[in-house]
Colleague: 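Before we start, here is the structure in question, set down as structure tokens.
None of the values given here were measured: they were computed from a predicted structure.
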Amino acid sequence: MDPGLQHARSPRTPCPDPAMHVPPGSVASHLGGTSRSYFCFITATLALCLVFTVATIMVLVVQRTDSIPSPPGNSPRKGGNCSDDLLCVLERAPFKKSRAYLKVSKHLNSTKISWNEDGILSGVRYHDGNLVIQFPGLYFIICQLQFLVQCSNHSMDLKLELLVNTKVKRQALVTVCESGIQTRSIYQNLSQFLLDYLQANTTISVMVNEFQYVDTNTFPVENVLSIFLYNSLD
């Protein structure tokens with residue numbers, strides 16, 4: 001056989017695979033970095049899920065959005081234990097350093113809601129309708145107000161705004177008496193919540209567009225502003 005042909009038919013030497021020559025130390029370092037990245041991601045995800053789980057539980061305790069017509073008879077409709085449940089959650093929770101639970105004042109005369117100071121105030125100051133933060137950290141804030149509207153022949157918008165300092169961070173808006181039919185009264189609940197990092201001396205306040213319809217008689221315990229420090233720096 002021709003030596004040149006025999007040489008052509010001989011199998012080629014396989015090319016070395018670069019992956020087969022990666023130093024063991026590099027592989028271990030890469031796997032270690034990947035594991036740390038996954039661990040940090042999973043930890044952050046679980047912490048975020050925990051925060052929103054707590055927020056969801058608190059909101060479900062107070063969330064009531066349906067308009068309720070006036071009950072028959074002369075006896076007024078009594079509020080449920082919705083806000084009482086919120087108070088129980090606040091008292092039993094391990095958030096003791098900074099928290100507040102205030103009921104609405106019976107003497108409202110402006111769109112900025114004022115609150116009674118005889119509630120819970122721990123690590124938080126109250127001044128002129130504002131809750132003033134004393135310790136920086138991640139706070140959960142929730143407000144609930146009950147409105148009693150005497151419907152006429154036109155619709156009406158009710159709005160609740162949750163402010164941090166002077167900036168509106170959350171708002172709830174609902175239109176009542178849309179049917180145009182005069183009824184005796186409509187009960188409407190508005191609530192809103194916020195999870196935010198707040199610095200010391202930050203103020204929290206609540207504004208409404210129709211303060212004269214905030215019901216301070218039938219539902220005295222259903223109009224509350226509550227906050228607690230969820231996580232601090234120390």
Colleague: Under the side chain to side chain contact (heavy atoms under 4.5 Å, CB included) criterion, do Ser114 and Tyr126 qualify, and how do the steps go?
Modeller: CA-CA 10 Å; Ser114 56; Tyr126 177 78; 3.9 Å; yes
Colleague: Quick one: which of Leu121, Ile113, Asn116, Ile120 gives a side chain to side chain contact (heavy atoms under 4.5 Å, CB included) with Leu102?
Modeller: Leu121
Colleague: How long is the gap from OG on Ser122 to CD1 on Ile227, to the nearest 0.5 Å?
Modeller: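 Reported to 0.5 Å precision, the distance equals 10.0 Å.
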Colleague: Do Leu163 and Val224 land in one hydrophobic cluster if side-chain heavy atoms of ILVMFWY residues count as linked below 4.5 Å?
Modeller: no
Colleague: So if you build clusters from Ile, Leu, Val, Met, Phe, Trp, Tyr with side-chain heavy-atom gaps below 4.5 Å, do Leu108 and Val208 land together?
Modeller: yes
Colleague: To the nearest 0.5 Å, how far apart are OG in Ser110 and CE in Met207?
Modeller: 7.0 Å
Colleague: Quick one: closest heavy-atom pair of Val124 and Val132, and the distance?
Modeller: CG1-O, 3.5 Å
Colleague: Just wondering, do Asp196 and Ile141 contact through their side chains at under 4.5 Å, heavy atoms?
Modeller: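 Ile141 does not reach Asp196 side chain to side chain.
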Colleague: Give the minimum heavy-atom separation between Ile133 and Phe135, together with the two atoms involved.
Modeller: CG2-O, 3.2 Å
Colleague: Can you find a heavy atom in the side chain of Val174 that is under 4.5 Å from one in the side chain of Phe147?
Modeller: no
Colleague: Rounded to the nearest 0.5 Å, what separates atom CG in Asn130 from atom OG1 in Thr166?
Modeller: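 So the gap between those two atoms works out to 10.5 Å.
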Colleague: Would Leu158 and Leu173 show up in the same hydrophobic cluster when neighbours are defined by side-chain heavy atoms closer than 4.5 Å?
Modeller: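 Unlinked, Leu158 and Leu173 end up in two clusters.
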Colleague: Distance check, rounded to the nearest 0.5 Å: Leu148 atom CG versus Tyr187 atom OH?
Modeller: 5.0 Å
Colleague: Which heavy atom in Ser191 sits nearest to a heavy atom in Ala172, and how many Å separate them?
Modeller: O-CB, 3.9 Å
Colleague: Cluster question for you: counting only ILVMFWY and a side-chain heavy-atom cut-off of under 4.5 Å, with indirect links fine, are Val168 and Val164 together?
Modeller: no
Colleague: Treat each ILVMFWY residue as a node, draw an edge where side-chain heavy atoms are under 4.5 Å apart, and state whether Leu190 and Phe211 are in one component.
Modeller: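 Leu190 and Phe211: one cluster.
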Colleague: Kindly give the heavy-atom pair with the smallest separation between Pro136 and Leu229, and that separation in Å.
Modeller: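 Shortest heavy-atom separation between Pro136 and Leu229 comes out as O-CD1, 4.2 Å.
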Colleague: Val104 versus Trp115: any side-chain heavy-atom pair under 4.5 Å?
Modeller: yes
Colleague: In terms of heavy-atom contacts, does NZ of Lys159 have more than 12 from other residues, nucleotides or ligands at under 6.0 Å?
Modeller: no
Colleague: Is the shortest heavy-atom distance from the side chain of Tyr139 to the side chain of Leu195 under 4.5 Å?
Modeller: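 No, side chains not in contact.
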Colleague: Which atom names give the shortest non-hydrogen contact between Gly123 and Ser98, and what distance separates them?
Modeller: O-OG, 3.2 Å
Colleague: Compare all side-chain heavy atoms of Asp215 with those of Asn217 and state whether any distance is below 4.5 angstrom.
Modeller: yes
Colleague: Using 0.5 Å steps for rounding, measure from the NZ atom of Lys103 to the OH atom of Tyr101.
Modeller: 5.5 Å
Colleague: Determine the minimum heavy-atom distance between Thr175 and Ser155, stating which atoms define it.
Modeller: CG2-CB, 3.8 Å
Colleague: Measuring only between side-chain heavy atoms, which start at C-beta, is Asn209 closer than 4.5 Å to Thr111?
Modeller: no
Colleague: State the OG-CG distance between Ser205 and Leu162, to the nearest 0.5 angstrom.
Modeller: 8.0 Å
Colleague: Measure the shortest side-chain to side-chain distance between Gln192 and Gln171 over non-hydrogen atoms and say whether it is less than 4.5 angstrom.
Modeller: no
Colleague: Could you tell me if the side chain of Leu145 sits less than 4.5 Å from the side chain of Val206, heavy atoms only?
Modeller: yes
Colleague: Quick one, Thr216 with Lys106, criterion side chain to side chain contact (heavy atoms under 4.5 Å, CB included). Give me CA distance, side-chain angles, the key distance, then yes/no.
Modeller: CA-CA 6 Å; Thr216 61; Lys106 287 184 174 293; 4.2 Å; yes
Colleague: Verify whether one side chain among Gln146 and Gln144 offers a donor that lies under 3.5 Å from an acceptor in the other.
Modeller: no
